[in-house]
Asks: 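Just dropping this structure here.
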Amino acid sequence: MVHLKAPYVSGFLAFREVPFLVELVQRLQEKEPGFMPQVLLVDGNGVLHQRGFGVACHLGVLTDLPCVGVAKKLLQVDGLENNSLHKEKIMLLQAGGDTFPLMGNSGTVLGMALKSHEHSTNPLYVSVGHRVSLEVAVRLTHHCCRFRIPEPIRQADIRSRDYIRRTLGHPGSPAQRQESLLPTEPSTTSPVSW
DNA sequence: GCGACAG
DNA sequence: ATCTTGTCGC
């Protein structure tokens with residue numbers, strides 16, 4: 001079980017979550033190096049970020065593994081806006097795998113909006129994290145989608161929440177007596193996310 | 001009061 | 001992220 005200390009602040013997600021992600025990779029290298037993945041799908045952004053360096057970049061540099069940023073909402077940076085024009089482009093996406101580029105004011109393509117499967121309305125926002133091209137990032141993400149969320153991220157989400165529920169759900173459990181795995185902060189902070 | 005808001 | 005209400009498709 002991880003013990004989150006930093007609060008969630010938009011633009012600083014890596015400072016909250018990346019230490020635990022690095023630890024997971026290190027633990028895997030020690031115990032099961034044969035299972036080391038060739039690429040990581042990261043729940044958050046890569047270069048589509050306030051300072052061009054989201055959690056997927058951060059994790060990639062610290063582990064030297066190729067990383068893809070996969071966000072569920074558009075981070076509105078460099079002039080990118082979730083406005084009516086953007087929503088029009090989303091509605092024009094037809095088949096699963098369809099995309100449109102996310103071009104910042106700087107003229108750089110920061111990522112791609114991806115219709116991750118055919119019966120999906122909201123796109124995914126895919127961006128380069130580390131040692132991977134945007135084209136490969138998009139194809140890889142698309143091919144991992146049984147549903148809207150890529151299966152590796154979806155399973156991590158489902159199983160971690162299930163673990164939390166099983167661990168904190170039982171009165172008298174060690175975790176419950178420890179009393180402070182739940183966030184001290186009011187809202188916004190979650191013990192799950194990992 | 002109003003807009004913004006990766007997770 | 002969490003919570004809630006309602007709808008649609010398999």
Side-chain angles (χ1 to χ4, degrees), chain A residues 1-24 40-62 67-87 90-91 96 101-105 108-130 132 134 137-138 141 145-150 152-165 168-169 181-194:
Chain A
M1 173 65 76
V2 300
H3 205 131
L4 294 173
K5 293 176 179 179
Y8 167 68
V9 180
S10 178
F12 299 89
L13 179 63
F15 293 87
R16 171 176 167 85
E17 301 195 355
V18 91
F20 306 103
L21 302 178
V22 171
E23 188 191 327
L24 284 179
L40 302 180
L41 298 187
V42 182
D43 196 343
N45 289 294
V47 301
L48 174 48
H49 180 260
Q50 285 90 333
R51 294 167 301 283
F53 204 80
V55 64
C57 303
H58 216 123
L59 182 62
V61 167
L62 293 180
C67 287
V68 176
V70 183
K72 296 179 284 296
K73 297 176 188 173
L74 177 64
L75 187 55
Q76 303 187 132
V77 295
D78 196 19
L80 292 173
E81 275 189 293
N82 186 20
N83 54 21
S84 53
L85 173 60
H86 180 78
K87 287 167 183 164
I90 290 174
M91 293 209 296
L102 303 166
M103 173 91 68
N105 280 340
T108 313
V109 174
L110 298 175
M112 297 286 271
L114 166 69
K115 181 164 181 137
S116 60
H117 75 117
E118 49 183 350
H119 304 300
S120 172
T121 320
N122 300 320
L124 295 177
Y125 297 96
V126 179
S127 58
V128 166
H130 188 63
V132 66
L134 183 55
V138 168
T141 300
C145 288
R146 182 178 175 194
F147 304 108
R148 176 179 174 243
I149 306 301
I153 292 177
R154 183 170 166 266
Q155 286 301 317
D157 220 67
I158 291 172
R159 295 177 190 205
S160 61
R161 287 174 201 287
D162 191 56
Y163 177 82
I164 296 285
R165 191 171 49 73
L168 297 182
L181 291 171
L182 288 173
T184 315
E185 301 248 328
S187 53
T188 63
T189 353
S190 155
V192 185
S193 79
W194 72 330

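In what follows, chains carry the letters A, B, and so on, assigned in the order in which the sequence lines appear, proteins first and then strands, with residues in each chain numbered from 1.
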Asks: Between K72(A) and dA6(B), is there a contact of a side-chain N or O with OP1 or OP2 at under 4.0 Å?
Replies: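 No.
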Asks: Using a 4.0 Å heavy-atom cut-off, does H119(A) contact any base of the nucleic acid, only the sugar-phosphate backbone, or nothing at all?
Replies: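 Nothing, no heavy atom under 4.0 Å.
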Asks: Across the strands shown, which category fits G69(A) at heavy-atom distances under 4.0 angstrom: base, sugar-phosphate, nothing?
Replies: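 G69(A): no heavy atom of the nucleic acid under 4.0 Å.
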Asks: Taking atom P of dT2(C) as reference, at what distance in whole Å does atom CZ of R165(A) sit?
Replies: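 So the CZ-P distance, R165(A) to dT2(C), works out to 13 Å.
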Asks: Rounded off to whole Å, could you give me the CG-to-P distance for the L80(A) and dA6(B) pair?
Replies: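 Spelled out: CG on L80(A) to P on dA6(B) is 14 Å.
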Asks: Using 30° and 60° as the class boundaries, would you call the ring planes of H117(A) and H119(A) parallel, tilted or perpendicular?
Replies: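 Plane angle over 60°, so perpendicular.
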Asks: Output the rounded distance in Å from CG (L110(A)) to P (dA6(B)).
Replies: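 Computing the L110(A):CG to dA6(B):P distance gives 16 Å.
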Asks: Find the distance K73(A):NZ to dG7(B):P and express it as a whole number of Å.
Replies: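 K73(A) atom NZ is separated from dG7(B) atom P by 6 Å.
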Asks: Using a strict 4.0 Å threshold on nitrogen-to-oxygen distance, state whether D162(A) and R165(A) make a salt bridge.
Replies: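 Salt bridge between D162(A) and R165(A), a charged N being under 4.0 Å from a carboxylate O: yes.
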Asks: In whole angstrom, what separates F15(A)'s CZ from dG7(B)'s P?
Replies: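 Interatomic distance, CZ of F15(A) to P of dG7(B): 18 Å.
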Asks: When rounded to the nearest 0.5 angstrom, what is the spacing between OG in S120(A) and CD1 in I149(A)?
Replies: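 Answer for the OG-CD1 pair, S120(A) versus I149(A), is 8.0 Å.
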Asks: Work out which heavy atom in L134(A) is nearest to a heavy atom in S127(A); give both atom names and the distance.
Replies: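 The pair with the smallest heavy-atom distance is CD1-CA, 4.1 Å.
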Asks: Roughly how many Å apart are dA4(B) and dA1(C), using the C1' atom of each and rounding to a whole number?
Replies: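 Looking at atom C1' only, dA1(C) and dA4(B) are 15 Å apart.
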Asks: Given dA6(B), is OP1 or OP2 found less than 4.0 Å from the side-chain N or O atoms of Y125(A)?
Replies: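 Answer no for this pair, as no side-chain N or O of Y125(A) is under 4.0 Å from OP1 or OP2.
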Asks: Side chain of R161(A): nearest nucleotide among dA6(B), dG7(B), dT2(C)?
Replies: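 From the listed options, dT2(C) comes nearest.
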Asks: In whole angstroms, how far is the P atom of dA6(B) from the CG atom of N45(A)?
Replies: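 Distance check: N45(A) CG to dA6(B) P gives 9 Å.
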Asks: Return the minimal non-hydrogen interatomic distance between L41(A) and P152(A), and the atom names on each side.
Replies: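 So the two residues come closest at CD1-CG, 4.1 Å.
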Asks: Nearest whole angstrom, please: distance from the P of dC5(B) to the CG of N82(A).
Replies: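 Nearest whole value for this atom pair: 9 Å.
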Asks: Nearest-Å distance, CG (L74(A)) to C1' (dA4(B))?
Replies: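 Rounding to the nearest Å, CG of L74(A) and C1' of dA4(B) are 12 Å apart.
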Asks: Closest approach to the side chain of E17(A), judged atom by atom: which nucleotide of dG7(B), dA6(B), dA1(C) is it?
Replies: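 Side chain of E17(A) sits closest to dG7(B).
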Asks: Scan F12(A) against the nucleic acid and name what it touches under 4.0 Å (heavy atoms): base, sugar-phosphate only, or nothing.
Replies: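 Base: the residue F12(A), judged by heavy atoms under 4.0 Å, touches a nucleobase.
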Asks: Determine the interatomic distance between C1' on dC5(B) and the same-named atom on dT2(C); round to the nearest Å.
Replies: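 Pairwise C1' distance, dC5(B) against dT2(C), rounds to 14 Å.
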